[in-house]
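Here the structure is laid out as structure tokens; the discussion comes afterwards.
Order of appearance sets the numbers: ligands from 1, and atoms from 1 within every ligand. Hydrogens, waters and symmetry mates play no part in the numbers below; they use all other heavy atoms, side chains included. Remember, predicted model here, so these are calculated numbers, not experimental data. Residue indices begin at 1 and follow the sequence shown.
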Amino acid sequence: MAELTSIASQVRRDIIRMVHGANSGHPGGSLGCADYFTALYFSIMKHDPAFNMNATNEDVFFLSNGHISPVFYSTLARAGYFDIKELSTFRKINSRLQGHPATHEHLPGIRIASGSLGQGMSVALGAALTKKLNGESTTVFSLHGDGELDEGQVWEAIMFAAHHKVDNLISTIDWNHQQIDGTIEKVMDHGDLRRKFEAFGWITLEMNGNDMEQVVETLRAAKSLTGQGKPIAIMMHTIMGKGVDFMENDHNWHGVAPNDEQLAKALAQLPETLGDY
Ligand SMILES: Cc1ncc(C[n+]2csc(CCOP(=O)(O)OP(=O)(O)O)c2C)c(N)n1
Ligand SMILES: [Mg+2]
């Protein structure tokens with residue numbers, strides 16, 4: 001557990017340094033999801049950093065809220081998909097690390113373009129059904145922002161998944177109660193998300209997404225619930241900007257880069273554990 005927590009600290013440093021280096025990007029949601037990504041790629045998923053697009057006999061992850069690409073790129077690099085030095089090219093011209101992930105750049109670990117919100121669950125369903133047809137006993141994971149649930153396509157996918165008994169899919173909702181223009185409650189109140197997923201026929205779990213032990217335990221529990229005829233959703237409580245005190249719980253850090261002074265303040269709060277890129 002201590003090792004995972006220390007990896008997550010480095011991922012958070014990478015996020016801050018990448019967004020500062022590009023002077024643009026999305027630190028808030030990225031910081032909030034750093035523990036989830038670390039647990040997934042360093043403990044939960046069966047995956048191979050010698051990347052192949054088809055992911056045959058591997059677990060597979062789809063990021064639907066593509067704007068939090070910094071946490072995805074850092075995790076992939078730290079897990080060995082590509083050289084950590086490439087993180088310094090984030091959002092630069094001709095970089096493989098574009099602001100929103102795309103397959104065009106052929107960055108190892110990226111299997112779909114995302115950033116146009118609402119589409120990732122549909123893609124994850126396709127992959128999950130394919131794996132079932134192929135007789136694989138692997139799991140498909142997906143991550144979605146809570147603000148992203150304003151997109152109608154997600155609810156079509158939620159219905160489809162239950163109807164077609166896609167029970168090898170674990171979709172996590174980053175329930176940070178923040179989105180681009182303010183709180184979820186102010187922009188579009190979802191009410192009780194967990195009860196909604198249950199009403200749509202999913203098995204649901206809930207966790208503190210910023211408590212590594214809980215994240216690992218809940219993801220393990222979710223994996224053990226696959227194969228029971230129902231898709232699985234995890235309501236993940238996170239804090240936008242987690243780990244950097246002046247960014248926490250503030251939607252203004254959804255998509256703004258820290259200046260030099262803010263960078264120094266942030267890095268002072270995040271121990272360098274694996275070595276900066
Ligand atoms: C289809 C679509 N509509 C609107 C946007 C603009 N947009 C980017 S992020 C965002 C808010 C998303 O909220 P959430 O998923 O909760 O992200 P968080 O702020 O928590 O990181 C919006 C509306 C988009 N990227 N795609
Ligand atoms: Mg949100």
Mind checking whether F61 and F37 have parallel, tilted or perpendicular rings, split at 30° and 60°? perpendicular
So W155 and F197, would you call those rings parallel, tilted or perpendicular, with 30° and 60° as cut-offs? tilted
Measure the distance from [atom] to every protein heavy atom, then report the residue, atom name and distance (to 0.1 Å) of the closest one.
atom: atom 25 (N) of ligand 1; answer: G115 O, 2.7 Å
atom: atom 9 (S) of ligand 1; answer: H254 CE1, 3.3 Å
atom: atom 15 (O) of ligand 1; answer: G145 CA, 3.2 Å
atom: atom 21 (O) of ligand 1; answer: H67 NE2, 2.9 Å
atom: atom 1 (C) of ligand 1; answer: E151 OE2, 3.3 Å
atom: atom 5 (C) of ligand 1; answer: L117 CD1, 4.0 Å
atom: atom 13 (O) of ligand 1; answer: Q179 CB, 3.1 Å
atom: atom 14 (P) of ligand 1; answer: G147 N, 3.6 Å

Give a yes or no on whether the backbone of [Y] and the side-chain of [X] come within a donor-acceptor separation of less than 3.5 Å.
X: E248; Y: G243; answer: yes
X: K131; Y: S137; answer: no
X: K265; Y: D260; answer: no

Does [X] bring an N, O or S atom to under 2.8 Å of the Mg ion (ligand 2)?
X: D146; result: yes
X: N65; result: no
X: N176; result: yes

Examine R17 relative to Y277 and say whether NZ or CZ is less than 6.0 Å from the centre of the six-membered ring and inside a 45° cone about the ring axis. yes
Do I110 and F51 have side chains that approach each other closer than 4.5 Å (heavy atoms only, starting at C-beta)? no
Is the closest side-chain heavy-atom distance between L143 and Y36 below 4.5 Å? yes
Can you list the atoms of ligand 1 that are under 4.0 Å from a heavy atom of G29? 21 (O)
Which of the numbered atoms in ligand 1 are under 4.0 angstrom from any heavy atom belonging to M240? 18 (P), 19 (O), 20 (O), 21 (O)
Check: D35/Q214 side-chain N/O donor and acceptor closer than 3.5 Å: no
Does K223 come within less than 4.0 Å of D59, counting only side-chain N to carboxylate O? yes
Sub-4.0 Å protein heavy atom near atom 11 (C) of ligand 1: yes
Would you check whether G118 reaches within less than 4.0 Å of ligand 1, judged by its heavy atoms? no
Any nitrogen or oxygen of D146, side chain or backbone, less than 3.5 Å from one on ligand 1? yes
Got an N/O contact under 3.5 Å between N176 and ligand 1? yes
The single option from N210, N176, D174, N208 that satisfies side chain to side chain donor-acceptor pair (under 3.5 Å) with T238 is D174
